[in-house]
**Q** 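Before I ask anything, let me first share the structure, which is written out below as structure tokens.
Order of the sequence lines sets the chain letters (A, B, ...), proteins ahead of strands, with each chain counted from 1.
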Number of protein chains: 2
Amino acid sequence: MARTAGSDGERTQAAIRDAAVNLIARYGYEAVSMRQLAAEVGVQPAALYRYFPTKEDLLYDLMTAHMNALVASWETARPATGDATALLAAFVRNHINFHVERRHSTHVNNMELRSLSRDRLSTILRLRAGYEKELRQILRQGADAGLFTVEDVTLTAMAIIQMVTGVIVWFRPDERLSVAEVTDTYHKMTMRLVGARNA
Amino acid sequence: MARTAGSDGERTQAAIRDAAVNLIARYGYEAVSMRQLAAEVGVQPAALYRYFPTKEDLLYDLMTAHMNALVASWETARPATGDATALLAAFVRNHINFHVERRHSTHVNNMELRSLSRDRLSTILRLRAGYEKELRQILRQGADAGLFTVEDVTLTAMAIIQMVTGVIVWFRPDERLSVAEVTDTYHKMTMRLVGARNA
DNA sequence: CAGATAATAAAACGAACGTTCAATTAATTC
DNA sequence: GAATTAATTGAACGTTCGTTTTATTATCTG
């Protein structure tokens with residue numbers, strides 16, 4: 001057999017992306033074989049190569065999509081007006097919501113960086129650095145305005161990023177806490193962490 | 001050839017553990033082959049199997065050693081007297097010092113859990129849960145004594161753990177900051193995060 | 001110094017890996 | 001409705017994987 005009835009390139013490609021994110025998040029990039037992925041999609045292994053020339057191309061595609069979506073998400077959510085306290089609140093809320101909604105691709109982006117070639121790793125890290133810079137600017141602005149107590153902007157930014165991204169490690173929706181409750185508590189903790197005067 | 005001059009089982013086993021931690025931390029468990037590991041140790045692949053029956057046995061050995069060392073480290077460092085504020089300060093200091101000193105094995109323990117069998121995963125997670133329980137008890141004690149503001153003990157414990165463990169992701173000694181400076185800043189941030197009244 | 005044991009080498013096993021290529025069929029175009 | 005293009009299959013490629021087996025040599029024991 002060859003082309004199957006009702007087959008559609010775009011749908012197949014989307015199905016590959018979807019299955020890949022789920023499998024890689026669960027078993028890890030190296031542990032997932034192209035055969036396993038093809039079986040999950042319901043296709044022969046060779047068919048994957050029509051859409052992604054190599055396994056690493058597929059991984060890179062998933063990671064760039066994730067990072068671009070994250071940056072775009074903050075661009076949309078960032079308040080046009082407001083002081084550093086308002087900005088930081090919006091940042092934390094957006095960050096947690098985005099990552100909880102995309103647990104699997106977040107996992108892939110955090111765990112599989114070492115499977116990228118040098119150039120591609122650099123590109124992903126550059127996107128990430130740009131996003132983190134937004135947080136540092138908020139912290140600096142708050143410190144300069146006398147709203148925050150921040151010993152070291154870079155260090156505090158990393159601490160906050162690690163803390164809020166860590167939500168996806170343990171949090172599962174439909175449990176004891178709702179996303180809104182978690183976001184709310186993290187917001188309060190973040191405000192205390194930076195010693196916000198007007199939170 | 002066979003047994004080499006000056007060969008010693010204990011030294012070889014230690015060399016295997018050491019090389020394995022470094023290689024797995026850098027390239028990932030799945031990406032490191034037994035041949036690559038043997039080459040790093042300076043031995044033939046078959047020799048590894050005298051010390052570790054399977055590749056997974058080796059991984060499990062590294063992980064249990066790490067977790068046992070962590071628990072033992074806190075047992076030694078925990079103050080015999082002192083209120084929740086003193087306990088939390090000691091916990092954060094010990095946690096950061098331990099993990100910075102053992103960056104590579106921490107990385108292995110955080111990244112390679114999914115390569116363990118179910119039973120072994122359970123064992124590691126149980127050790128980890130016991131350690132995290134110590135932090136929750138400190139937080140509860142501080143909250144009950146009116147020293148801390150804690151919205152949710154479990155959630156705050158996870159936030160603190162993620163924040164302080166995250167140090168190893170970006171921190172490299174011999175840089176802009178010393179370990180002591182980093183620990184000091186994290187201590188202050190933690191105290192503010194829990195709203196400590198007497199820090 | 002002989003015998004036992006510990007430590008390793010050398011070679012091979014079958015299985016699984018990422019990937020390629022030619023053939024084949026479905027859908028689209030003219 | 002014939003020609004073209006898109007989508008996929010089926011089979012195979014060479015390589016690498018974790019692991020096992022057997023032989024060999026160094027060291028230790030009495």
**Q** Report yes or no: do B:N110 and B:T165 form a side-chain donor-acceptor pair below 3.5 Å?
**A** no
**Q** With distance as the sole criterion, is a donor-acceptor pair present between the side chains of A:R197 and A:T149 under 3.5 Å?
**A** yes
**Q** Tell me the closest heavy-atom pair linking A:Y186 and A:M163, and the distance in Å.
**A** CE2-O, 3.4 Å
**Q** Give a yes or no on whether a salt bridge exists between A:R176 and A:E181, defined as a side-chain N under 4.0 angstrom from a carboxylate O.
**A** no
**Q** If I take atom CD in residue A:Q36 and atom P in nucleotide C:dC17, what distance separates them, rounded to the nearest angstrom?
**A** 8 Å
**Q** Taking CZ from A:R35 and P from C:dG18, how many angstroms apart are they, rounded to a whole number?
**A** 7 Å
**Q** Round to a whole Å and report the spacing from CG of B:L37 to P of D:dC17.
**A** 12 Å
**Q** For the pair made of CD in A:E10 and P in D:dT8, what is the distance, rounded to whole Å?
**A** 12 Å
**Q** What is the distance, rounded to the nearest whole Å, between atom CE of B:M34 and atom P of D:dT15?
**A** 23 Å
**Q** Any side-chain N or O of B:S33 under 4.0 Å from OP1/OP2 of D:dC17?
**A** yes
**Q** Could you verify whether a donor N or O on one side chain and an acceptor N or O on the other, from A:D57 and A:T54, lie under 3.5 Å apart?
**A** yes
**Q** Assess, by modelled atom type and distance only, whether the side chains of B:T85 and B:N198 contain a donor and an acceptor separated by less than 3.5 Å.
**A** yes
**Q** Using a cut-off of 4.0 Å on non-hydrogen atoms, how would the nucleic acid contact of B:V41 be classed: base, sugar-phosphate, or nothing?
**A** nothing
**Q** Within this structure, what is the CD-to-P distance between B:E30 and C:dG18, rounded to whole angstrom?
**A** 11 Å
**Q** Tell me whether the side-chain N/O atoms of B:T12 come closer than 4.0 Å to OP1 or OP2 in C:dT8.
**A** yes
**Q** Which of residues 42-62 of chain B sit near DNA chain D, with a heavy atom under 4.0 Å from it?
**A** B:A46, B:Y49, B:T54, B:K55
